[in-house]
Amino acid sequence: MQTAESRTEMTSAVRFDHVYKAFVGRGRGSDAVLALQDVTFDAKPGEFISLVGPSGCGKSTCLNLLAGLSSPSDGTVAHHGAPVRGINTSVGYITQDDNLLPWRSLRGNVELSLELQGVERHERRRRADDFIHLVGLTGFEDHYPHELSGGMRKRAGIIRTLVYESAVVLMDEPFGPLDAQTRVILQAELLKLWERSRPTVLFVTHDLVEAIALSDRILVFTSNPGTIKRDYRVDLPRPRDPFRIHETPGFSELHDALWADIRVEIESSRGRGVT
Ligand SMILES: Nc1ncnc2c1ncn2[C@@H]1O[C@H](COP(=O)(O)OP(=O)(O)OP(=O)(O)O)[C@@H](O)[C@H]1O
Ligand SMILES: [Mg+2]
């Protein structure tokens, strides 16, 4: 669902235009799974947008389409006005799994994308150390992933993608398995990093408080097949403090509205045996 504000394709960093995605069924006689149905939305440069909805509603599928890991069955997915065809190397993708290379140190992992871009050694080190400092990991540069805590590995995974400074960053439940306190600390750090270069972010989460603390807009998906049920604008002032977001005027009303929308979808997916 579009807001009243008019957005043209020319100014969109990301545009989904009547996108459908069906997956072929597995096993004899099984039907194709329609993951996405008529999904239309766009993101302006610098917008932070969260995608929320019940499990299986197609959130990861949306990110995969934009990253070019799969293609729509119908409709168009465009990145800065050009349809995505094949792997889209201009987006940064932070998956749920941190995917750090175990044989590289923290610094080696953060430098990897710069190395692939051909950035000169001295400059690579300067940029990596700058990001390592920003998330409080100075002193751990030479540690290997197994020598870092879960929260440290998440930080490393995030800065490894952000150091590349892509204009569009996709994040799929990046703080999923972390404890509540570490999540809020990382949310605050992510906001600081985002403020630096203001990439467009598509952020998948199941945590409504997290979505409100971080986002400019929140897209609520229906249960499978996923389509956009509501497009919320988060008008809470920035800069935001994720530690005190509950106290911000307007927070409770928005949280209640989101929860009411999502609860119906979760109940309807449970009713069909989807968990
Ligand atoms: N490669 C695939 N092959 C077949 N079906 C798939 C594939 N990827 C996703 N699906 C199906 O598409 C639907 C949407 O999946 P998707 O992973 O996008 O959901 P999601 O919203 O990210 O869920 P979750 O919150 O559990 O991560 C599901 O029914 C899923 O089984
Ligand atoms: Mg997913």
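The first residue of the sequence shown is numbered 1, and numbering continues consecutively from there. Source: prediction; values computed, not measured. Every number for a ligand or one of its atoms is a count from 1 in the order of the listing.
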I want to verify a count. Protein N, O or S atoms less than 2.8 Å away from the Mg ion (ligand 2), how many are there? 1
Test item: protein heavy atom less than 4.0 Å from atom 27 (O) of ligand 1: yes
In the protein, what heavy atom is nearest to atom 1 (N) of ligand 1, and what distance, to one decimal place, separates them? Phe23 CE2, 3.7 Å
What protein heavy atom is closest to atom 17 (O) of ligand 1, reported as residue, atom name and distance in Å? Ser60 CB, 3.8 Å
Stepwise side-chain hydrogen bond (donor to acceptor under 3.5 Å, both in side chains) check, Thr222 with Glu265: CA-CA 6 Å; Thr222 62; Glu265 299 307 321; 4.7 Å; no
Is the closest heavy-atom distance from Glu173 to ligand 1 below 4.0 Å? yes
Of all the heavy-atom pairs spanning Asn224 and Ala35, show the shortest one and how long it is. ND2-CA, 3.9 Å
Criterion salt bridge (Lys or Arg N to Asp or Glu O under 4.0 Å) on Arg126 and Glu123, from CA distance to verdict: CA-CA 5 Å; Arg126 193 192 63 73; Glu123 174 61 11; 3.1 Å; yes
What do the steps show when you test Arg233 against Asp235 for salt bridge (Lys or Arg N to Asp or Glu O under 4.0 Å), and what is the final call? CA-CA 6 Å; Arg233 184 160 292 282; Asp235 280 326; 5.2 Å; no
Below the 3.5 angstrom mark, is there an N/O of Cys57, backbone or side chain, next to an N/O of ligand 1? yes
Atom indices of ligand 1, in the order listed, that fall short of 4.0 Å to a heavy atom of His206: 25 (O)
Using distance only, find each side-chain donor-acceptor pair of residues 251-260 under 3.5 Å and give its atom names and separation, not counting sequence neighbours.
none

Without swapping roles, check the side chain of Arg183 against the backbone of Gly176 for a donor-acceptor pair under 3.5 Å. yes
Before signing off on this row, confirm whether Gly58 and ligand 1 have an N or O atom pair separated by under 3.5 Å. yes
Worked verdict on Glu247 versus Arg244 for salt bridge (Lys or Arg N to Asp or Glu O under 4.0 Å): CA-CA 6 Å; Glu247 301 163 16; Arg244 314 192 69 151; 3.1 Å; yes
Thr61 and Asn64: side-chain hydrogen bond (donor to acceptor under 3.5 Å, both in side chains), yes or no, with the steps? CA-CA 5 Å; Thr61 302; Asn64 289 337; 5.5 Å; no
From atom 24 (P) of ligand 1, work out which of Ser55, Pro225, Ala32 has a heavy atom at the shortest distance. Ser55
Under 3.5 Å between some N or O of ligand 1 and some N or O of Gly56? yes
Heavy-atom protein neighbour under 4.0 angstrom from atom 13 (C) of ligand 1: yes
Under the criterion side-chain contact (heavy atoms from CB on, under 4.5 Å), which of Val169, Asp172, Val168, Asn99 is the partner of Tyr93? Asp172
side-chain hydrogen bond (donor to acceptor under 3.5 Å, both in side chains) between Thr95 and Asp97, intermediate numbers included: CA-CA 5 Å; Thr95 56; Asp97 205 6; 6.0 Å; no
Which of the atoms in ligand 1, numbered in the order shown and given with their element, are less than 4.0 Å from a heavy-atom of Thr61? 14 (C), 15 (O), 16 (P), 18 (O)
Check ligand 1 against Val33 and write out every atom of the ligand that is under 4.0 Å from a heavy-atom position of the residue. 29 (O)
Can you check whether Val52 reaches Phe221 side chain to side chain, under 4.5 Å on heavy atoms? no
Between Ser223 and Ser268, does the side-chain hydrogen bond (donor to acceptor under 3.5 Å, both in side chains) criterion hold? Intermediate values first, please. CA-CA 7 Å; Ser223 59; Ser268 95; 2.9 Å; yes
